[in-house]
S.K.: 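Dumping the structure here so I can ask a few things about it.
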There are 2 protein chains.
Amino acid sequence: MNSFMKKTIGLTLAAALVATAGFAASHTAKSSNAAVNARHAQMQMVAYNIGMLGAVAKGEVEFNAEMVNSAATNMKNLAAMNTASLWIDGTAQGEVDGSRAKSAVWSDRAGFIAKFKQMEDASVTLMAATSVEDVQAGMGALGGSCKACHETYRGPKN
Amino acid sequence: MNSFMKKTIGLTLAAALVATAGFAASHTAKSSNAAVNARHAQMQMVAYNIGMLGAVAKGEVEFNAEMVNSAATNMKNLAAMNTASLWIDGTAQGEVDGSRAKSAVWSDRAGFIAKFKQMEDASVTLMAATSVEDVQAGMGALGGSCKACHETYRGPKN
């Protein structure tokens, strides 16, 4: 690494590196906790966007095509996250504090990824919404993808 | 909204809706706080992935093409988030607790988006890394995009 890179990272990312550090493959408690926290951040963003779309679907907020497209785009990006570096080995429920990931996430990774694909497809449909009715119609598939994944891959509350 | 949708949302998303509720356009304190929290979750995920890539670049962890590709893919997805529903009106620093977003985010949205595009491009380059040297080479542009955006669009600590 050259000095520019060191300086850049030093100046801008020191806090980030201190906060997360570690690496997936090392399976330290530190990296395991960081992975769980990152997954929770992902789900927090999912909840934010679902909240926006749900408010429109329920008529609590007026339909706004730009905002709906933005929220749906972000749902798509969240759904398209690669699970390899997030659901790393050693981070199932019981293996690390805060995790609710069932062992099925590891024993059936393809099925787990397929649920995210379901969420991604539902999000893409919502991106094209031009009316509140479109949002309402799209929310079934989106909410269904959440439910389907949680039922199979998420354990009980800790 | 039909009963299936209501049930689905009720069963799976109750916690999410309670936690975030509100909607961008309403500019309530609740939705403003939710937006800031969602942005912080986005940055937390950025920090997690930068931490992974940085650990490889610094030689703390062995290069693993799958993990590097995964972290870089997720950085790309984080960079590609639509800012419209995240940096909503009324959520600049001083307007809502916890925000460090400068008014330039609103007065120069195109420039702000261009910084994320810079981050996205750097992430795409890193997705193709096949060696630790590739990761080191790619980190300069990635870290540079963080720095460039923070300098112009992020205010001092609260």
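Order of the sequence lines fixes the chain letters, A, B, ..., with proteins taken first and strands second; residue numbering starts at 1 for each chain.
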S.K.: Of the non-hydrogen atoms in B:A35 and A:Y48, which two are nearest, and what is the gap between them?
M.R.: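 The pair with the smallest heavy-atom distance is CB-OH, 3.3 Å.
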S.K.: Please find the pair of heavy atoms, one from A:N74 and one from B:S85, that lie closest to each other, and give the distance.
M.R.: ND2-OG, 3.5 Å
S.K.: Could you walk me through whether B:Q44 and A:H40 pass the side-chain contact (heavy atoms from CB on, under 4.5 Å) check?
M.R.: CA-CA 10 Å; B:Q44 190 187 332; A:H40 288 171; over 6 Å; no
S.K.: Is a donor from one side chain sitting under 3.5 angstrom from an acceptor on the other, for B:N82 and A:T73?
M.R.: no
S.K.: Answer yes or no: is there a side-chain heavy-atom contact under 4.5 Å between A:L78 and B:M81?
M.R.: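 A side-chain contact under 4.5 Å exists here.
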S.K.: Should B:Y153 and B:W106 be counted in the same cluster of Ile, Leu, Val, Met, Phe, Trp and Tyr side chains packed under 4.5 Å apart?
M.R.: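 Same cluster: B:Y153 reaches B:W106 through Ile, Leu, Val, Met, Phe, Trp or Tyr contacts under 4.5 Å.
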S.K.: Between the side chain of B:N77 and the main-chain N/O of A:A80, is any donor-acceptor distance below 3.5 Å?
M.R.: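 Answer holds: yes.
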S.K.: Any link between A:M43 and A:L53 through a network of hydrophobic side chains (Ile, Leu, Val, Met, Phe, Trp, Tyr) touching at under 4.5 Å?
M.R.: yes
S.K.: Heavy-atom count check: over 12 atoms from other residues, nucleotides or ligands less than 6.0 Å from B:D108 CG?
M.R.: yes
S.K.: With sequence neighbours left out, what residues match B:Q93 under side-chain hydrogen bond (donor to acceptor under 3.5 Å, both in side chains)?
M.R.: B:N158
S.K.: Please say yes or no: joined through hydrophobic side-chain contacts below 4.5 Å, possibly via intermediate residues, are B:F63 and B:L126 part of one cluster?
M.R.: yes
S.K.: Verify side-chain contact (heavy atoms from CB on, under 4.5 Å) between A:I88 and B:M67, making sure each step is shown before the conclusion.
M.R.: CA-CA 9 Å; A:I88 60 175; B:M67 285 296 175; 4.3 Å; yes
S.K.: To check you understand the geometry: which heavy-atom pair defines the closest contact between A:A41 and B:M45, and what is its length?
M.R.: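 For A:A41 versus B:M45, the nearest heavy atoms are CB-CG, 3.7 Å.
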S.K.: Please list, chain by chain and in numerical order, all residues satisfying side-chain hydrogen bond (donor to acceptor under 3.5 Å, both in side chains) with A:T152, sequence neighbours excluded.
M.R.: none
